[in-house]
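Notes for the one structure printed next.
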Amino acid sequence: MENANAEIDQFTFNVAYREDKLQSKLDEINRIFRLNELFEAENSAGINGYSLSLNYGLSDAKIKILFNTEESKRYMGICIVFSASGKHLYETEYELRFNQKIQWERIIDSLHQINGHITRMDVAIDFFNLKNDLTQIADDIRNKEIVVKNKVGIIKPERIKQIGSPNNVQTIYVGSRNSDCFLRVYDKKTEQLENKGRFKYLANNSQNWIRVEGEFKHDYVRRLEKAIDLSTGNLLSKLVFIVYDHWKFMKSNELELTELWFKLQGLLKVDDLEPVPVQLVDPIENAIIHFLTKGGAMFFWKMKQLFPDQDVEQILFENIKGYIKNNKNIPKSAINFVKRIRKLNYDLTDFNPYLTHALLNIGKGKNGNE
């Protein structure tokens with residue numbers, strides 16, 4: 001297992017539009033994200049002051065396009081929200097459907113061309129099996145053996161909050177949630193185990209799992225957006241540097257980096273940093289959902305309707321078995337999918353739990369509020 005890696009955890013965008021141009025702007029947004037090619041849209045009431053919402057994905061992994069039809073609220077623009085789970089679902093579905101990874105640099109650049117910009121961006125860095133767990137780090141902060149610095153200087157203790165008991169700290173907050181820059185350092189292992197997360201197997205196999213998450217929004221993220229050169233690619237590496245550079249956990253007596261921030265510094269030396277292979281949307285379940293709702297299962301249904309008097313399913317299954325066994329031209333994307341799953345050390349002894357959970361998720365997607 002990698003000791004550390006990173007990903008952009010979630011995005012929020014805003015796109016301005018002129019009078020009577022709402023629908024054309026919505027069409028442009030869908031052209032950029034291709035959401036209608038991946039999901040069925042569901043209409044609902046909006047949130048956060050918006051009157052309407054177009055929802056894509058599953059009930060627990062939503063992507064929302066929020067907008068108003070009232071001219072008096074046009075100043076709010078169109079808000080596009082990718083939650084953490086929604087973003088992962090989108091990336092997985094995109095790769096399955098188009099056989100290529102999403103390029104967020106291209107998405108952001110395309111949004112710039114239609115008067116859009118980022119309003120929130122969370123950058124998450126995961127660390128596994130550190131010598132000191134989060135409780136020890138929190139204890140050292142309370143005892144002033146560790147100080148947290150930003151570009152101005154040492155951050156006052158009252159601006160650093162800890163959640164949990166002294167013997168089991170679960171989260172360290174630095175700054176205010178309402179500010180433009182906010183840092184969370186939390187026990188991802190405990191979160192996965194307590195919530196029976198989809199990656200509890202990874203949590204069980206880790207001595208500890210600490211996530212450092214920088215949340216950037218409002219004016220600060222606009223400045224970042226203008227400062228970052230998207231044409232050179234490697235957006236993730238640049239964002240990891242911003243987290244590293246904005247805050248620092250340091251030993252107070254030596255003013256040297258702590259183990260956690262030293263590991264973070266090490267990530268800056270990695271060329272073309274790739275997202276952490278720990279995803280909130282299970283790729284096996286997602287592949288099953290794709291097969292049942294958009295892929296081969298729909299072909300079975302079509303053939304059954306055309307040839308109702310024959311056991312089409314059995315005929316196809318028998319031929320598919322032989323074809324798969326003898327086929328020498330397996331697509332590269334399928335080979336890479338298998339390699340990726342094996343690398344993640346999934347429990348591959350039983351297919352049924354993945355199928356059951358996928359069917360439950362399909363039910364949630366249809367009902368929306370289950």
Side-chain angles (χ1 to χ4, degrees), residues 6-19 21-22 24-26 28-33 35 46-50 53-54 63-68 72-84 86-87 90-91 102-125 149-153 155 159 173-184 212-248 264 268 273 275:
E7 64 184 329
I8 301 169
D9 193 47
Q10 60 180 291
F11 270 125
T12 304
F13 305 96
N14 192 277
V15 178
Y17 63 94
R18 292 181 298 179
E19 185 179 0
K21 297 292 183 181
L22 174 60
S24 63
K25 194 67 73 169
L26 290 172
E28 287 183 307
I29 290 169
N30 249 309
R31 175 183 56 80
I32 292 170
F33 289 101
L35 289 169
I47 57 173
N48 300 331
Y50 288 93
S53 176
L54 288 172
I63 302 149
K64 291 180 175 290
I65 298 179
L66 301 160
F67 57 95
N68 294 301
S72 61
K73 292 186 177 181
R74 182 166 59 86
Y75 70 92
M76 296 176 65
I78 301 168
C79 183
I80 309 158
V81 181
F82 285 84
S83 66
K87 175 179 173 289
Y90 173 67
E91 290 171 330
I102 189 72
Q103 296 294 320
W104 285 105
E105 293 91 341
R106 180 189 63 79
I107 293 285
I108 295 167
D109 184 61
S110 296
L111 286 172
H112 288 168
Q113 295 176 33
I114 65 167
N115 205 15
H117 62 271
I118 305 169
T119 57
R120 174 175 170 174
M121 179 168 53
D122 291 10
V123 183
I125 305 106
K149 295 184 67 178
N150 59 18
K151 292 184 177 182
V152 177
I155 297 173
R159 292 186 57 78
Y173 293 122
V174 180
S176 166
R177 299 201 69 153
N178 296 323
S179 65
D180 288 4
C181 305
F182 178 61
L183 182 70
R184 287 181 291 270
V212 174
E213 192 168 278
E215 179 183 310
F216 304 104
K217 52 187 183 290
H218 308 318
D219 290 341
Y220 190 86
V221 79
R222 292 296 303 276
R223 293 198 299 272
L224 285 183
E225 191 175 10
K226 292 177 180 178
I228 292 174
D229 184 359
L230 296 173
S231 65
T232 60
N234 208 9
L235 174 63
L236 183 58
S237 295
K238 296 170 184 174
L239 295 175
V240 169
F241 173 78
I242 288 166
V243 174
Y244 165 81
D245 191 51
H246 194 87
W247 299 278
K248 285 187 174 65
L264 179 51
L268 305 180
L273 191 63

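Formation of a donor-acceptor pair under 3.5 Å by the N14 side chain with backbone atoms of M76 is found in this model.
For the atom pair SG (C79) and CG (N68), the distance works out to 10.5 Å, reported to the nearest 0.5 Å. Residue I107 holds its CD1 atom at 11.5 Å from CD1 of I29, rounded to the nearest 0.5 Å. The line from CG of L54 to NZ of K64 is 10.0 Å long, rounded to the nearest 0.5 Å.
Here K151 pairs with D245 under the salt bridge (charged side-chain N to carboxylate O under 4.0 Å, His left out) rule; sequence neighbours left out. Residues passing the side chain to side chain contact (heavy atoms under 4.5 Å, CB included) test with I108, sequence neighbours excluded: F11, F13, H112, I118, E225, L230, L235. When the salt bridge (charged side-chain N to carboxylate O under 4.0 Å, His left out) test is applied to K217, the partners found at least two apart in sequence or on another chain are E215.
Figure legend: cation-pi geometry between K248 and Y244, with NZ or CZ positioned under 6.0 Å from the six-membered ring centre and within 45° of its axis.
Atom NZ of K21 sits in a sparse spot, with 12 or fewer heavy atoms from other residues, nucleotides or ligands closer than 6.0 Å. Heavy-atom neighbours of R159 CZ from other residues, nucleotides or ligands within 6.0 Å: at or below the threshold of 12.
Taking the six-membered ring for Trp, W104 and F82 have ring centres closer than 6.0 Å. The distance between the ring centers of F182 and H246 does not fall below 6.0 angstrom. Annotation: F216 is in aromatic contact with W247 [ring centroid separation under 6.0 Å].
Shortest non-hydrogen contact noted between L236 and A6 is CD2-O, 3.5 Å. Of all heavy-atom pairs between Q10 and A84, the closest is CB-N, 3.8 Å. Contact between V212 and L183 at its shortest, heavy atoms only, is CG1-CD1, 3.8 Å. Minimum interatomic distance between V221 and M121 (heavy atoms only, all atoms of both residues): CG2-CE, 3.9 Å.
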Worked verdict on D122 versus R184 for salt bridge (Lys or Arg N to Asp or Glu O under 4.0 Å): CA-CA 10 Å; D122 291 10; R184 287 181 291 270; 3.3 Å; yes

